[in-house]
**Student:** 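Below are the structure tokens for one structure; questions will follow.
Just so it is clear, the values below take in all heavy atoms, side chains as well, and ignore hydrogens, waters and symmetry mates. Keep in mind that this is a model prediction, so the values were computed, not measured. Sequence positions, counted from 1, serve as the residue numbers for this chain.
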Amino acid sequence: MPQSLLVWPSAKGKARGQSLRPLYKTVPEAAAESESLYAALALVDALRVGRQRERKLAMSELSKLLESK
């Protein structure tokens, strides 16, 4: 069963999909400016709304990311 694309609502966005409320209102604009921030926030969103498999993978990747900083 294919999942629909999750997107942060943004007037500047080009992708369409199911809306996911960002953690903070300026997240879409900030993430558009930084690939690494976008990747980290996408992992956080996977923890927020993902299924068990996605949450487990996101936790592992986020841990690696934080340990490398």
**Student:** I'd like to check the side chain to side chain contact (heavy atoms under 4.5 Å, CB included) partners of S36; sequence neighbours left out, ordered by chain and number.
**Tutor:** S34
**Student:** Residues in side chain to side chain contact (heavy atoms under 4.5 Å, CB included) with P28, at least two apart?
**Tutor:**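 Here the qualifying residues are W8, S10, P22.
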**Student:** Going by the rule side chain to side chain donor-acceptor pair (under 3.5 Å), which residues pair with R55 if we only count those two or more places apart in sequence or in a different chain?
**Tutor:**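 Side chain to side chain donor-acceptor pair (under 3.5 Å) list for R55, sorted by chain: empty.
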**Student:** Please report the closest heavy-atom contact between R48 and R21, naming both atoms and the distance.
**Tutor:**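 Between these two residues, the closest heavy atoms are NH2-O, 2.8 Å.
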**Student:** Rounded to the nearest 0.5 Å, what separation is found between the CD atom of E33 and the OG1 atom of T26?
**Tutor:**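 Rounded to the nearest 0.5 Å, the CD-OG1 separation comes out at 11.5 Å.
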**Student:** Compare every heavy atom of L65 with every heavy atom of A40, then report the nearest pair and how far apart it is.
**Tutor:** CB-CD2, 3.7 Å
**Student:** To check you understand the geometry: which heavy-atom pair defines the closest contact between L41 and A31, and what is its length?
**Tutor:** CD1-CB, 4.3 Å
**Student:** Is any side-chain N of the basic residue among K64 and E61 closer than 4.0 Å to the acidic one's carboxylate O?
**Tutor:** yes
**Student:** Do you know the tightest heavy-atom contact between M59 and L47?
**Tutor:**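 Result for this residue pair: N-CD2, 3.8 Å.
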**Student:** OG of S63 to CG of L43: how many Å apart, nearest 0.5 Å?
**Tutor:** 10.0 Å
**Student:** So if you build clusters from Ile, Leu, Val, Met, Phe, Trp, Tyr with side-chain heavy-atom gaps below 4.5 Å, do L57 and L66 land together?
**Tutor:**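 No, L57 and L66 fall in different hydrophobic clusters.
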**Student:** Minimum heavy-atom separation for V7 to A15, with atom names?
**Tutor:**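 Closest pair (atom of V7, atom of A15, distance): CG1-CB, 4.0 Å.
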